[in-house]
Amino acid sequence: MDNGIRHILGKKTFTKADIVELLMCEGENKKALFAKSAEITEKYIGRKVWLRGLIEFSNICGKNCLYCGIRKGNHNIERYSLSDEEIVQAATFALRNSYGSIALQSGELESCNVTDRIEKLVRNIKNLSAGKLGITLSVGEQTPETYKRWFEAGAHRYLLRMEATNELLYAKIHPNDAAHSFHRRLDCLKSLQDTGYQTGTGVMIGLPFQTADNLADDLLFMNGFDIDMCGMGPYIEHADTPLANTSGGLLSIEQRFELTLKMIAIIRIMMKDINIVASTAMQAIYPAGRERAISAGANIIMPNITPLMYRGSYRLYDNKPITDVRPENSAATALAGAEVAYGSWGDSSHYGKRTGIRQ
Ligand code: SAH
Ligand code: SF4
């Protein structure tokens with residue numbers, strides 16, 4: 001190991017140049033990076049992984065993000081929206097199987113009907129589980145009033161990825177109009193934190209036009225924002241999207257995977273006690289991709305519990321996995337040395353410390 005890396009890993013805080021060096025490191029240095037993140041994970045999280053049963057309840061989206069397979073402009077997919085009953089059934093499955101939490105995710109729609117519906121669903125699920133199921137929402141940009149109503153109904157975590165925290169890069173991967181405003185997304189993230197949610201964000205890794213400097217800034221942004229949860233994953237092309245046809249200088253899919261592992265390890269070292277998701281996009285690249293993310297420092301898995309018949313239509317990117325094994329049956333989870341913590345919410349202890357609320 002050269003002194004540079006050892007020196008960096010021993011620091012209390014990382015500069016942008018430090019992070020870039022960590023992102024580039026190879027060989028013995030890379031081993032040292034992962035060993036450090038394993039040490040921090042063991043100390044602050046333990047060898048545990050928590051579950052959020054993921055219900056992708058609708059692929060109807062009003063937006064046109066240039067990378068996403070369910071963007072409004074993609075007419076090659078069948079649109080669906082689960083009934084309330086189907087959503088409640090999926091939540092009941094999570095409850096019976098002691099998942100501890102669910103995550104409700106969909107395309108982005110803003111309307112009074114959507115606000116009312118999700119508010120009622122959250123309340124129903126809270127009641128039917130006697131408060132046992134934790135609820136994460138990931139349904140995009142909404143007004144502060146809507147976030148507040150859903151929070152008061154019982155949702156306590158919200159995942160809103162910034163996708164790219166550099167405004168210029170953000171503009172390259174989104175249409176240039178008011179519906180895709182970088183500043184609105186940032187305001188929404190602030191509003192979620194102000195409302196009291198455990199607030200999660202993240203970025204895609206390996207985007208066209210993205211540089212190591214951008215990724216270092218992404219990590220510094222998340223640290224500076226004091227997020228409670230991080231959901232990052234590799235960018236994967238979807239053939240029916242404009243970004244798939246951009247010549248922005250792409251890394252190979254394997255390089256994007258490796259870079260994501262490093263991003264996870266670095267944010268674990270920087271933020272220690274936050275929740276970090278082992279994203280499905282990791283599993284899309286390698287079947288045991290999520291387990292490798294756990295080895296790098298992630299502690300959350302989101303097994304897909306959407307009714308099987310809809311899963312093929314929630315295709316954000318190519319090769320998105322449709323089936324999912326029960327986590328305890330996954331030999332690879334055992335290989336990652338982690339144990340699934342059934343029946344508990346697995347809240348971010350960072351949130352507890354940040355807000356003074358004991359988890
Ligand atoms: N509509 C909501 C939630 C659903 S999209 C929202 O946008 O916040 C969930 C996530 O899928 C997005 O945040 C994005 O980071 C990810 N995603 C979309 N297209 C992707 C692609 N081509 N490769 C990797 N991740 C993608
Ligand atoms: Fe819609 Fe989210 Fe996809 Fe953007 S990323 S098109 S908001 S589902």
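All heavy atoms count here, side chains included; hydrogens, waters and symmetry mates do not. Residue indices begin at 1 and follow the sequence shown. Numbering of ligands and ligand atoms starts at 1, following listing order.
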(Q) If you take the centroid of each ring, where Trp contributes its six-membered ring, are Tyr67 and Tyr235 closer together than 6.0 Å? (A) no
Q. Relative to atom 24 (C) of ligand 1, which among Gly69, Ala281, Pro234, Gly206 owns the nearest non-hydrogen atom?
A. Pro234
Q. Which of the listed options, Arg161, Arg256, Arg185, Glu163, holds the heavy atom that is closest to atom 8 (O) of ligand 1?
A. Arg185
Does [X] have a non-hydrogen atom less than 4.0 Å from ligand 1?
X: Ser106; result: yes
X: His238; result: no
X: Tyr158; result: no

Name the closest protein heavy atom to [atom], giving the residue it belongs to and the distance to 0.1 Å.
atom: atom 4 (Fe) of ligand 2; result: Cys65 SG, 2.3 Å
atom: atom 7 (S) of ligand 2; result: Cys61 SG, 3.6 Å
atom: atom 9 (C) of ligand 1; result: Gln105 NE2, 3.7 Å
atom: atom 26 (C) of ligand 1; result: Met204 SD, 3.6 Å
atom: atom 11 (O) of ligand 1; result: Leu316 CD1, 3.4 Å
atom: atom 21 (C) of ligand 1; result: Ile236 O, 3.4 Å

Q: Answer side chain, backbone, both or neither: which part of Cys61 comes under 4.0 Å from ligand 1, heavy atoms only.
A: neither
Any side-chain donor-acceptor pair under 3.5 Å between [X] and [Y]?
X: Glu167; Y: His183; value: yes
X: Glu291; Y: Tyr286; value: no
X: Tyr170; Y: His180; value: no

Q.
Regarding Glu237 and Arg315, does a basic nitrogen lie under 4.0 Å from an acidic carboxylate oxygen?
A. no
(Q) Looking at ligand 2, would Gly107 count as a contact under a 4.0 Å heavy-atom criterion? (A) yes
